[in-house]
Undergrad: 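Got a structure for you, written out below as structure tokens; questions coming shortly.
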Amino acid sequence: MKIALLGYGRMGKEIEQIAISRGHEIVIKKDVNDVIDINLADVAIDFSVPSSAFNNIANCIKNNVPVISGTTGWLDKYKDAVALCEEKKGAFIYASNFSLGVNIFFELNKQLAKMMSNLEDYNISMEEIHHTKKLDAPSGTAITLAEGIIDNSSKTMWELDKKTVEHSIPITAKRIPEVPGTHTVWYNSEVDTIEIKHTAHNRKGFALGAVVAAEWILGKTGVFSMKDVLNIR
Ligand SMILES: NC(=O)C1=CN([C@@H]2O[C@H](COP(=O)(O)OP(=O)(O)OC[C@H]3O[C@@H](n4cnc5c(N)ncnc54)[C@H](OP(=O)(O)O)[C@@H]3O)[C@@H](O)[C@H]2O)C=CC1
Ligand SMILES: O=C(O)C1=N[C@H](C(=O)O)C[C@H](O)C1
């Protein structure tokens, strides 16, 4: 496959290595002001910055190039991307986290939320830890985890670094040099704590998941998720 990398930073470089090792060719590496012809690519993978993700995705969809996006912090425009994709009969996947491990963790989190939903003695809280270069907080992964809990419990919203609403989930965001991504969900009572935690040791899992998603989407039309790609039930 001919792949366009929209964003050639930490993730773009990691994806390049894995894509080449799986027999693909990188035909575009776009950073901030680069002008590109997206039609040179069979598929595009966007790991850029929150302010540019929507434009990158829209450009792909308008040119009928399937697009995978892992950029976080732009989801106020997600519905617009979905509507554009449906209108143009394009192909698009966004995931806050492309790693297999985190996608299993997402399902575990939903199951646990269901099991805990009637147990009022437990207080829920979450923490995400990332490297100091990260632009957004809380992480996209933490938001997906919080949404998984909200859909399966009486919680109604999340709050960053505070808890002012009774039915909210407080999320603490910590920034520590070089941490690729650690997410923890706690249920704390007076007598015990239940904890589920995912620790990424490096960025390879994210990059492999994005390349697998790009291979999977080729020839398809629609808006998909990593659940579709990984066939998680
Ligand atoms: N979903 C997932 O599994 C994962 C998601 N992420 C997310 O991916 C994104 C990128 O992360 P990371 O690689 O660590 O970040 P980096 O800052 O290392 O890379 C971002 C790159 O995007 C470039 N860029 C800026 N503007 C544009 C533009 N208009 N078009 C294309 N590229 C542009 C930057 O270029 P320049 O330096 O010239 O500005 C930079 O090279 C973040 O939002 C992060 O949260 C990260 C890991 C996993
Ligand atoms: O910025 C990062 O590095 C990461 N971002 C994603 C997120 O916001 O959840 C995924 C991963 O945790 C790494």
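Remember, it's 1-based here, ligands and their atoms both numbered in the order they're listed. Along the sequence shown, residues are numbered consecutively beginning with 1.
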Undergrad: Given salt bridge (Lys or Arg N to Asp or Glu O under 4.0 Å), test E127 with K174 step by step and report yes or no.
TA: CA-CA 8 Å; E127 180 186 82; K174 290 188 179 159; 2.9 Å; yes

Undergrad: Pairing donors with acceptors under 3.5 angstrom, does anything connect the side chains of T72 and S96?
TA: no

Undergrad: Counting non-hydrogen protein atoms only, what is the nearest one to atom 14 (O) of ligand 1? Give residue, atom name and distance.
TA: R10 NE, 3.0 Å

Undergrad: Do ligand 1 and G70 have nitrogen or oxygen atoms that lie under 3.5 Å from each other?
TA: yes

Undergrad: Is there a protein heavy atom at a distance of less than 4.0 Å from atom 18 (O) of ligand 1?
TA: yes

Undergrad: With only distance considered, is A95 within less than 3.5 Å of ligand 1 through an N or O on each side?
TA: yes

Undergrad: What residue and heavy atom of the protein are closest to atom 9 (C) of ligand 1, and at what distance?
TA: S48 O, 3.4 Å

Undergrad: May I ask you to check if ligand 1 and G12 share an N or O to N or O distance below 3.5 Å?
TA: no

Undergrad: In ligand 1, which numbered atoms sit nearer than 4.0 Å to a non-hydrogen atom of Y8?
TA: 41 (O)

Undergrad: Report the member of D136, V32, L6 with the shortest heavy-atom distance to atom 36 (P) of ligand 1.
TA: V32

Undergrad: Number the atoms of ligand 1 from 1 as they appear, then name those within less than 4.0 Å of a heavy atom of K134, with their elements.
TA: 45 (O)

Undergrad: Return the orientation label for the H130 and H183 ring planes: parallel under 30°, perpendicular over 60°, tilted otherwise.
TA: perpendicular

Undergrad: Indicate the atoms forming the closest heavy-atom contact of I26 with A19, along with that distance.
TA: CD1-CB, 3.9 Å

Undergrad: Look at ligand 1 and say whether S96 reaches it with a heavy atom at a distance under 4.0 Å.
TA: yes

Undergrad: Using the six-membered ring wherever Trp is involved, compare the ring planes of F224 and W216 and label them parallel, tilted or perpendicular (cut-offs 30° and 60°).
TA: perpendicular

Undergrad: Starting from atom 3 (O) of ligand 1, what is the nearest protein heavy atom, named by residue and atom, and what distance separates them?
TA: F98 N, 2.9 Å

Undergrad: Are E195 and T184 close enough that a side-chain donor and a side-chain acceptor fall under 3.5 Å?
TA: no

Undergrad: Please determine, by modelled atom types, if N59 and N55 share a side-chain donor-acceptor pair under 3.5 angstrom.
TA: no

Undergrad: When you measure from atom 44 (C) of ligand 1 to every protein heavy atom, which one gives the shortest distance, and what is it?
TA: T72 OG1, 3.7 Å

Undergrad: Would you say the side chain of L40 lies within less than 4.5 Å of the side chain of I28, judging by non-hydrogen atoms?
TA: yes

Undergrad: Would you say NZ of K197 has more than 12 non-hydrogen atoms from neighbouring residues, nucleotides or ligands within 6.0 angstrom?
TA: no

Undergrad: With respect to atom 48 (C) of ligand 1, which of Y94, F206, W74 exhibits the smallest heavy-atom separation?
TA: F206

Undergrad: Do H24 and V211 have side chains that approach each other closer than 4.5 Å (heavy atoms only, starting at C-beta)?
TA: yes

Undergrad: At under 4.0 Å between heavy atoms, is it the side chain or the backbone of S139 that contacts ligand 1, or both, or neither?
TA: neither

Undergrad: Do W186 and Y122 make the cut of ring centroids closer than 6.0 angstrom?
TA: no

Undergrad: How far is atom 11 (O) of ligand 1 from its nearest protein heavy atom, and which residue and atom name does that atom have?
TA: M11 CG, 4.2 Å

Undergrad: Among M226, R203, K30, which one puts a heavy atom closest to atom 32 (N) of ligand 1?
TA: K30

Undergrad: Look at K155 together with E166 and state whether they make a salt bridge at an N to O cut-off of under 4.0 Å.
TA: no

Undergrad: Distance to the ring centre below 6.0 angstrom and angle to the axis at most 45 degrees; does that hold for K13 and Y8?
TA: yes

Undergrad: Which one holds for T141 and ligand 1: side chain close, backbone close, both close, or neither close, with close meaning a heavy atom under 4.0 Å?
TA: neither

Undergrad: Are any of the N/O atoms on V49, whether in the backbone or the side chain, positioned under 3.5 angstrom from an N/O atom of ligand 1?
TA: no

Undergrad: Note down each nitrogen or oxygen pair, ligand 2 side and protein side, whose separation is under 3.5 Å; give only atom names and the distance to 0.1 Å.
TA:
from: ligand 2; atom 1: 1 (O); to: K134; atom 2: NZ; distance (Å): 2.9
from: ligand 2; atom 1: 3 (O); to: H131; atom 2: NE2; distance (Å): 2.8
from: ligand 2; atom 1: 5 (N); to: K134; atom 2: NZ; distance (Å): 3.1
from: ligand 2; atom 1: 8 (O); to: T72; atom 2: OG1; distance (Å): 3.4
from: ligand 2; atom 1: 8 (O); to: K134; atom 2: NZ; distance (Å): 2.7
from: ligand 2; atom 1: 8 (O); to: G140; atom 2: N; distance (Å): 2.9
from: ligand 2; atom 1: 9 (O); to: G140; atom 2: N; distance (Å): 3.3
from: ligand 2; atom 1: 9 (O); to: T141; atom 2: N; distance (Å): 2.8
from: ligand 2; atom 1: 9 (O); to: T141; atom 2: OG1; distance (Å): 2.5
from: ligand 2; atom 1: 12 (O); to: H130; atom 2: NE2; distance (Å): 2.6

Undergrad: Does ligand 1 have a heavy atom under 4.0 Å from the side chain of K133, from its backbone, from both, or from neither?
TA: neither

Undergrad: Counting from 1, what ligand 1 atoms have a heavy atom of T71 closer than 4.0 Å?
TA: 8 (O), 43 (O)

Undergrad: Measure the distances from the heavy atoms of H131 to every atom of ligand 1 and state whether one is below 4.0 angstrom.
TA: no

Undergrad: Are T71 and D46 linked by a side-chain donor-acceptor pair shorter than 3.5 Å?
TA: yes

Undergrad: Determine, considering heavy atoms only, which of S52, P180, P50 sits nearest to atom 28 (C) of ligand 1.
TA: S52

Undergrad: Are more than 12 heavy atoms, taken from residues, nucleotides or ligands other than D192, located less than 6.0 Å from that residue's CG atom?
TA: yes

Undergrad: Report, as yes or no, whether the 6.0 Å neighbourhood of atom NZ on K134 holds more than 12 heavy atoms from other residues, nucleotides or ligands.
TA: yes

Undergrad: Could you list which atoms of ligand 1 come closer than 4.0 Å to a heavy atom of N56?
TA: 30 (N), 31 (C)

Undergrad: State whether the shortest distance between N or O atoms of D31 and N or O atoms of ligand 1 falls below 3.5 angstrom.
TA: yes

Undergrad: Could you identify the single nearest non-hydrogen protein atom to atom 4 (C) of ligand 1 and state the distance to 0.1 Å?
TA: F47 CE2, 3.4 Å

Undergrad: Which of parallel (below 30°), tilted (30 to 60°) and perpendicular (above 60°) describes W74 and Y94?
TA: perpendicular

Undergrad: Flag the pair I143 / W158 as yes when at least one side-chain heavy-atom distance between them is below 4.5 Å, and no otherwise.
TA: yes

